[in-house]
Number of protein chains: 2
Amino acid sequence: MESRSVQAAPARRRRVGREERERQILDAAVAVFSERGYANASMDAVAERVGVTKPVLYTHFGSKEGLLLACVAQARTELLEVTAAAAAAATTPEDMLRRGTRAFFEFLDERAAAFSLLYSEARIAADAVEGIRAQQTDFIAALLGAAAPDAAPLQLQGWAQVIVGACERLAVWRAQDKRVTTEDATEYLMDLAWTGLQGRASGARAR
Amino acid sequence: MESRSVQAAPARRRRVGREERERQILDAAVAVFSERGYANASMDAVAERVGVTKPVLYTHFGSKEGLLLACVAQARTELLEVTAAAAAAATTPEDMLRRGTRAFFEFLDERAAAFSLLYSEARIAADAVEGIRAQQTDFIAALLGAAAPDAAPLQLQGWAQVIVGACERLAVWRAQDKRVTTEDATEYLMDLAWTGLQGRASGARAR
DNA sequence: GCCAGTAAGTTACCACGAGTAAGTTGGGTC
DNA sequence: GACCCAACTTACTCGTGGTAACTTACTGGC
């Protein structure tokens, strides 16, 4: 004597297939986690958004942390696909770096919610996010290795770390300052990573 | 009939001055938070480490979040002092970038616990950590502005973001791979930010 | 058509930790 | 040595992650 609506919509909404439910839950989780922050988001809130009760989430993902990790894993897969495809279309090392970088920024633009999850969210997913970074640095180090075959492996890794860190930071900066376009961000990265500050700064002496 | 030790040390441990207590609590909090992670660390654990009970923490810092923020604020102050002092000792822009970068890595080496707190810990402190980054980027942008007076302000900010992001990432990488010395990390940053990859990579054509 | 059997869901609970109200005690001061 | 206040403790509430046990909708076999 409360729900069951007025007359139609007899609240007849149960029994959804496993795969579809999991997609629903993941989408809801990304939304809720990114809106309220992981720590302040309750599992009940996610469940309510899907239209089920809490234990359903637990049968699918085991724990709150497991749910977060599943969200992260999904984003990870998509990220590699997008950047690798962009880099594959390039012909020179410079072009590769530029295209890959731009693809990264564009991906984050499209998927702003997933992004804020990935890069603002907690130690709980730290290992998983670190795994994404490792994936990206390995990928970039391989590209750099092809372009600079005389560099030591550790050096390649170091350069790749620099690029990944720089991109991540630029992405966060863009989220705060909307004036910065993906092209701007890409060029700032290229200015330093490819061209270097040497020529630009040497015009003005340190005085 | 359980504590109160054997005979000496009559558990006579109350009444400590406000400032000293706050320092004790901050130290304990950094230790506990970095050991177990903010989310898994209980306020009782921090209190026990200090040798008091939970409400004491609340009278000093208001909330668990407030305690974390106080830890972060303390680290922030120290970080700026250290890097600014290092940069001030330099004579050329290149030297400034190199000395500041190295000071950053050395600071994190000395204060590993505070570091893991800063760079692994959660959305709760995200704003505060973001404030530290803003402090560092403003500082670096000012240095770059002196060295490259014809660059646009937004461009300077962008370059500074690249450097801050790169340093942060290199720092995390170093924590994982102990082979990488502060000098290595500093040089990898300089390789890209100052010299640029252009010369190095152009030896090998894209083929 | 009807009746198991099982996967999908729900209700109703526990445990644990953040936060607090109210009472207690140490120690400096006159 | 009586007083007072700040430092400290005890003993609670409440919200939320997680779970055990029960219920219900859909499946295929006869």
Side-chain angles (χ1 to χ4, degrees), chain A residues 1-5 9-29 32-33 35-71 121-125, chain B residues 1-5 9-29 32-33 35-71 121-125:
Chain A
M1 192 184 296
E2 182 265 313
S3 58
R4 254 64 192 178
S5 271
R12 188 172 173 54
R13 50 142 105 99
R14 305 217 308 204
R15 299 265 126 174
V16 172
R18 182 177 184 87
E19 280 198 11
E20 190 181 345
R21 243 329 167 231
E22 289 191 352
R23 257 189 297 110
Q24 287 178 2
I25 294 173
L26 278 178
D27 289 348
V32 173
F33 286 165
E35 271 168 25
R36 306 154 76 127
Y38 175 78
N40 294 324
S42 73
M43 291 294 268
D44 280 318
V46 176
E48 188 184 8
R49 187 146 187 151
V50 179
V52 295
T53 53
K54 205 167 43 167
V56 173
L57 309 188
Y58 284 88
T59 60
H60 285 281
F61 297 98
S63 67
K64 189 182 183 185
E65 182 177 336
L67 182 53
L68 176 61
L69 262 47
C71 295
E121 226 33 88
R123 171 154 252 193
I124 298 124
Chain B
M1 193 184 297
E2 183 263 311
S3 57
R4 255 64 190 178
S5 273
R12 185 173 176 54
R13 46 138 107 103
R14 306 218 305 209
R15 302 266 125 173
V16 172
R18 184 179 183 86
E19 280 197 11
E20 189 182 345
R21 223 9 142 214
E22 288 190 352
R23 257 188 296 113
Q24 288 179 1
I25 294 173
L26 278 178
D27 290 349
V32 173
F33 286 166
E35 272 168 25
R36 307 153 76 125
Y38 176 79
N40 294 325
S42 74
M43 291 295 268
D44 280 317
V46 176
E48 190 184 8
R49 187 145 187 151
V50 179
V52 295
T53 53
K54 206 168 40 166
V56 174
L57 309 187
Y58 283 89
T59 60
H60 286 281
F61 296 99
S63 67
K64 189 182 183 185
E65 181 178 335
L67 182 53
L68 176 61
L69 261 47
C71 295
E121 225 33 88
R123 173 152 250 193
I124 296 125

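Here is how names work: the chains are called A, B, and so on, in the same order as the sequence lines, proteins then strands, and each is numbered from 1.
- For A:Tyr58 and C:dT10, the OH to P distance is 15 Å, given to the nearest whole Å.
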Give me, pair by pair, the N or O atoms of the protein and of nucleotides 10-15 of chain D that are less than 3.5 Å apart, along with how far apart they are.
none

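- Taking the side-chain hydrogen bond (donor to acceptor under 3.5 Å, both in side chains) definition, one finds that A:Gln24 meets it with A:Arg21, sequence neighbours left out.
- Protein atom CG of A:Leu57 is 11 Å distant from nucleotide atom C1' of D:dG17, rounded to whole Å.
- Note on B:Ala45: nothing from the nucleic acid sits closer than 4.0 angstrom, heavy atoms only.
- Taking atom NE2 of residue A:His60 and atom P of nucleotide C:dA7, one finds them 13 Å apart after rounding to whole Å.
- With sequence neighbours left out, B:Thr59 forms a side chain to side chain contact (heavy atoms under 4.5 Å, CB included) with no residue at all.
- Shown here are the side chain to side chain contact (heavy atoms under 4.5 Å, CB included) partners of B:Asp44, two or more places apart in sequence or in another chain: B:Ser42, B:Lys54.
- Regarding B:Phe61, its CZ atom lies at a distance of 16 Å from the P atom of C:dA18, rounded to whole Å.
- Between the NZ atom of B:Lys64 and the P atom of C:dT20 there is a distance of 15 Å, given to the nearest Å.
- To the nearest 0.5 angstrom, B:Phe61 atom CZ is 11.0 Å from B:Leu69 atom CG.
- Both tests do not hold together for A:Lys64 against A:Tyr58: distance to the six-membered ring centre under 6.0 Å, angle to the ring axis within 45°.
- The side chain to side chain contact (heavy atoms under 4.5 Å, CB included) test applied to B:Arg18 returns B:Glu22, B:His60, not counting sequence neighbours.
- Rounded to whole Å, the distance from CD on A:Glu48 to P on C:dT10 is 12 Å.
- The OH-P distance, from A:Tyr38 to D:dT16, rounds to 14 Å in whole Å.
- In this entry the distance linking CG of B:Leu67 with C1' of C:dG19 reads 14 Å, nearest Å.
- When each of C:dT10, D:dG17, C:dA18 is scored by its nearest atom to the side-chain atoms of A:Val52, the top-ranked nucleotide is C:dT10.
- Contact annotation for A:Ser63: backbone-only contact, meaning every heavy-atom pair under 4.0 Å involves sugar-phosphate atoms and none involves a base.
- Applying the salt bridge (Lys or Arg N to Asp or Glu O under 4.0 Å) test to A:Arg23 and every residue at least two apart in sequence or in another chain returns nothing.
- Taking side-chain N and O atoms only, A:Arg21 has a distance below 4.0 Å to OP1 or OP2 of C:dG9.
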